[in-house]
Asker: 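Before we start, here is the structure in question, set down as structure tokens.
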2 protein chains.
Amino acid sequence: MPKLGMEPIRRAALVKATIDEIGATGTLDVTVSQIAKRAGMSTALAHHYFGGKTQIFLAAMRHILAVYADEVHAALATADGPLARLEAVVRAGFASSNFRPEVVGAWLNFYVLAQSSLDAQRLLDIYQRRLHSNLVHDLRPLVGDRADQAAARIAGLIDGLYLRRGLQQSAHFDLPAADHVLALLRAELKGTTT
Amino acid sequence: MPKLGMEPIRRAALVKATIDEIGATGTLDVTVSQIAKRAGMSTALAHHYFGGKTQIFLAAMRHILAVYADEVHAALATADGPLARLEAVVRAGFASSNFRPEVVGAWLNFYVLAQSSLDAQRLLDIYQRRLHSNLVHDLRPLVGDRADQAAARIAGLIDGLYLRRGLQQSAHFDLPAADHVLALLRAELKGTTT
DNA sequence: GTTGATATTGATTGACTAGTCAATAAAGAA
DNA sequence: TTCTTTATTGACTAGTCAATCAATATCAAC
């Protein structure tokens, strides 16, 4: 059975299984057994490739952030001009892929973990900085010095609405979240928030 | 030792100990032992009064929501007119008492739990509905039909900024979060978000 | 002063968990 | 062929945890 070069395959399978398992249970309280079984291998092998439970979690979180970064990157590539780029960033944040239960579950548990794990805190910092800098980059030519504070508000609204939408499983009658953020963006452009 | 009428005292002690322990560890992954020891009693007694771990958690969450509701209520009592009332609601949300580590920890874990526990979901719903209705009540006389959507944006910004501020332990150079929300409120009043 | 409710705990049970390790098997190199 | 590296697992260890229970002590009522 032992084919060579299994390491990347096994690692990817474990990362995916971890995310799925977190999504299925809703908590970070998943065992290595559950993850390994879902990934189709023994717990010993999971330990062999990752060393420990914490490292498995961190790898899973890194993966989620990487996927999100790719989506934003792709959306930005086709956008022309600051305004279109801003809209692309906002819409990418609310893409339906981000609302799959396992992704929402991973994010929420990510927040919890960021309280106690320095590595998680660092990862979260990277995400927040990247979003902030993306926003400021395209807000600057539109609103000048107010870009920084406008970006803080827009980023906050993105996170807050994501939290609220991610948490309600029921169909919502409300405006799409992205449109709410774009409404705030409009106000920022008119300078009425100062 | 056994004095009568201990039940409410023990229950309150356990609720407080639970919140403190969640704040100290950062996770919901606290044991009944830890909670009971912190509350100065045996684990058996904790089970005796609450039945199980889940019920202890729910009682703790109910307590946090009740305290928050009281704060909002008190802030509203001294506010005169819709605008002052809106400001009071916003400022109450960002009162420093809400940023104590154990409160932030409880909230984040509350969000996680709301994914899998129907009771937690219900409690969260109550909080969200109450905030929304508080906002709409005082926005209506100011912006009319736009009140509902404006409230959704403001509530989202409150939650999002709370999340971001609660998560960063470092001192922040940025604008106070409440002022960001008030900036959005100003834009809503001028009708520039539509 | 007996009965019954309340308060309280130490000890125990049974289930589960992260991580280790020795053993096995294939693949490639020498 | 023999040796080394990679892949893989079953069995095991040592520990933890929620929940139960029997036992004990106090108070109130009758």
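All of these numbers come straight from a predicted model, not from anything done at the bench. Every chain is numbered from 1, with letters handed out A, B, ... down the list of sequences.
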Asker: Side chain of A:Lys16, backbone of A:Ala39: donor and acceptor closer than 3.5 Å?
Answerer: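 Here the side-chain-to-backbone pair does not exist.
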Asker: Between atom CD in A:Glu7 and atom P in D:dT5, what is the gap in whole Å?
Answerer: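 From A:Glu7 CD to D:dT5 P: 16 Å.
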Asker: Less than 4.0 angstrom from a charged side-chain N to a carboxylate O is my criterion; do B:Asp179 and B:Arg91 meet it?
Answerer: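 Looking at B:Arg91 together with B:Asp179, the answer is yes, because their closest N to O distance falls below 4.0 Å.
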Asker: Look at the aromatic rings of A:Phe99 and A:Phe94 and report parallel, tilted or perpendicular, splitting at 30° and 60°.
Answerer: parallel
Asker: Output the single nucleotide from C:dG19, D:dA18, C:dT8 whose closest atom is nearest the side chain of A:Lys53.
Answerer: C:dG19
Asker: Aromatic rings B:Tyr127 and B:Tyr68: how do their planes relate, parallel, tilted or perpendicular, breaks at 30° and 60°?
Answerer: perpendicular
Asker: Let me know the distance between NE2 of A:His48 and P of C:dA22, rounded to the nearest Å.
Answerer: 15 Å
Asker: CD1 of A:Ile9 versus C1' of D:dA7: gap in Å, rounded?
Answerer: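 From A:Ile9 CD1 to D:dA7 C1': 12 Å.
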Asker: Give a yes or no answer on whether the side chain of B:Tyr49 reaches the backbone of B:Leu14 with a donor-acceptor pair at less than 3.5 Å.
Answerer: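 Pair absent, no side-chain N/O of B:Tyr49 close to backbone of B:Leu14.
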Asker: When the distance from NZ of A:Lys37 to C1' of D:dG10 is rounded to whole Å, what number comes out?
Answerer: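 It works out to 15 Å between those atoms.
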Asker: Let me know the distance between CE of A:Met6 and P of C:dA27, rounded to the nearest Å.
Answerer: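 Result: 12 Å.
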Asker: Has the side chain of B:Gln115 got a donor or acceptor atom that lies under 3.5 Å from a matching backbone atom of B:Val112?
Answerer: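 Here the side-chain-to-backbone pair exists.
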Asker: Quick one: list whatever passes side chain to side chain contact (heavy atoms under 4.5 Å, CB included) with A:Leu142, sequence neighbours left out.
Answerer: A:Pro82, A:Leu83, A:Leu86, A:Leu189
Asker: Please report the distance, rounded to the nearest Å, between CG in B:Leu45 and C1' in C:dA11.
Answerer: 16 Å
Asker: Within the sub-3.5 Å range, which N or O atoms of nucleotides 11-13 of chain D have a protein N or O partner, and how far apart are they?
Answerer:
none

Asker: Taking only the side-chain heavy atoms of B:Tyr49 (C-beta and beyond), determine which of D:dA18, C:dT9, C:dT8 contains the nearest atom.
Answerer: C:dT8
Asker: Of all the choices, D:dA7, C:dG19, D:dT9, which nucleotide is nearest to the side chain of A:His47 once you look at every atom?
Answerer: C:dG19
Asker: Could you tell me whether the phosphate oxygens of C:dT8, OP1 or OP2, come under 4.0 Å of any side-chain nitrogen or oxygen in B:Arg10?
Answerer: yes
Asker: What is the distance, rounded to the nearest whole Å, between atom CG of B:Asp29 and atom C1' of D:dC17?
Answerer: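 Spelled out: CG on B:Asp29 to C1' on D:dC17 is 10 Å.
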Asker: Looking at the side chain of B:Thr31, which of D:dT9, D:dA18, C:dA18 is the nearest nucleotide?
Answerer: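 When the side chain of B:Thr31 is considered, D:dA18 is the closest of D:dT9, D:dA18, C:dA18.
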Asker: Whole angstrom is fine here: how far is it from CD1 in A:Ile35 over to P in C:dG19?
Answerer: 11 Å
